[in-house]
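As the structure is a prediction and not an experimental result, all values here were calculated from the model. Just so it is clear: chains get the letters A, B, ... in the order the sequence lines come, proteins before strands, and each one is counted from 1.
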Amino acid sequence: MNHPRIDKPTEILLPVNPLFVAGTLAVAFVLNLLPASGQLLLWRPDFVAVVLAYWLIHYPRRLGFLLPWLLGLAMDVAEGALFGQYALGYTALALMAALAHRRVLMFDILSQTIHVLVMLQVVKLIMLLVRMAEGAEFPGWLYFLGPVTAAMLWPLLSVTLVIPQKPKSDADHA
Amino acid sequence: MDDQPPPFFERGPSPLARFTFFALLSIALLFADARLRYLEHIRQAVSVALFPLERAALAPGAALLRLAAFFTDQSRLIQENESLRLKSLELSSKAARVDALTAESAQLRRLLSASQRGELTLQLGEIVYAKRDPFTRRVVVDRGSQHGVTIGQAVIDESGLIGQVTRVLPLASEVTLVTDKNQAVPVQNLRTGARSVVFGVGRDDTLELRFMPVNADIQVGDKLVTSGIDGLYPAGFPVATVAAVDRSATNAFANIDCAPAAGVNRGSLVLLVLEKRTLPEKPRDEEPVTRPAKSKKKAP
């Protein structure tokens, strides 16, 4: 991660703790389970998708495809969705991250957010197509509101999720 | 860590290949779930594993509610207690009459040798949360197969039918609300006795009475109750009130919108109804089976 940029020096980060990755994904999962209804349902971001996008973009070869797929299956059960709906969506997210992670991380936070927004909308669109193939009606354009709030979490995640990897106050500059 | 290794290192299948594999797996699952309904056991197993997580997600809200309840002032509690006591008095006097009427009705049915109405067993459940799937109208109730819930049970609240149990998990069950798209409930018009079927349209607070001729005797304000002829919903629970009737001559059928009687997406306490009744055996439809058999006999 953090490919060296010419204009800005980057600090060397500690390796990521797999337990921390698992923990953040678990927290995101519980956040997804929070009860919501009505208008809130439309605004509600898919926390798992955006946290997954963070780890997939920063460590695409660590997470692979199996973990997103299994997380998707768990979401399918939790949401009462069709088996495979979220799994397919998150797998597509993993592919987009695998193809675009180098490019995305070269941008500043705002452009990164826009990239992530597009990815999350594609995930949402895939799920919509799955449901419409099964016979559901188009739920209205507000359906695409969730990824917008989810993408807004990206800058926050970019700042917070990297904290455990910051090197301890180094003795050189003390 | 993710720097490109030189191409002579083994990297496993390409992302596209992996994606194709998992996408095909997902599509196979989708097909198995939507068309064949093979995966209910797996779903049940996963749901049990997820149960503690779901509870954990609900805990903060529940704790807040409990805290709020702790600070409810006493005068309001006394007032509420008073009104509830009055209501219980009123209801118990009504119930006494209902008991007498039920006995009378059973006797009359015996005299007419009509089939007896089944006995209802009620089970109290609480709506834990609404399903967060924007495509469906479903809620989850905290009673499951461990508590004896079976698939197909009617679910009511104090003012009428709210839905039907459509998926039973060990510790919870999913209730499809009457407002879910294409959820059908056989109903009877209380005023005229005419039977029909009311459908959900996928919107809250709207039901649709379909396939009623333009000249059907339907008025705004007509009350629709379950007819009980489906052998699924017990007869006599309020379902909806006719809200608007549009008899335009351009359509073969009248457009009839109804408002659900029960607080389909309000309230949290529900009753799961189980009717014990012995339905007469379905008449065997032998005709379509025997005909081809006969033709086969003729053939040789």
From [X] [atom1] over to [Y] [atom2], what is the distance, rounded to the nearest 0.5 angstrom?
X	Y	atom1	atom2	value
A/E134	B/D33	CD	CG	8.5 Å
B/F31	A/L82	CZ	CG	12.5 Å
A/F29	B/L50	CZ	CG	4.5 Å
B/L53	A/N32	CG	CG	11.5 Å
A/L95	B/S14	CG	OG	9.0 Å

Between [options], which residue shows the highest count of heavy-atom pairs closer than 4.5 Å to chain B?
options	answer
A/G64, A/A74, A/G72, A/A92	A/A92
A/L66, A/L31, A/I126	A/L66
A/A78, A/A87, A/A133	A/A78

Under 4.5 Å heavy-atom distance to chain B, tell me which part of [X] shows up: side chain, backbone, both or neither.
X	result
A/A94	neither
A/A26	neither
A/Y143	side chain

| Shortest non-hydrogen contact from B/R43 to A/V77? | O-CG1, 3.8 Å
| remark: Minimal heavy-atom distance between A/A98 and B/P15, with the atoms involved, is CB-CB, 3.7 Å
| request: Please tell me if the side chains of A/L73 and B/L29 come closer than 4.5 Å, counting only heavy atoms from C-beta onward. | output: yes
| message | So for B/L16, is it side chain, backbone, both, or neither that comes closer than 4.5 Å to the heavy atoms of chain A? | response | both
| Should the ring pair B/F22 and A/W69 be called parallel, tilted or perpendicular, given that the plane angle runs from 0 to 90° and is split at 30 and 60? | tilted
| task | Heavy-atom pairs under 4.5 Å with chain A are the metric here; pick the option from B/A57, B/A56, B/S47 that has the most. | result | B/A57
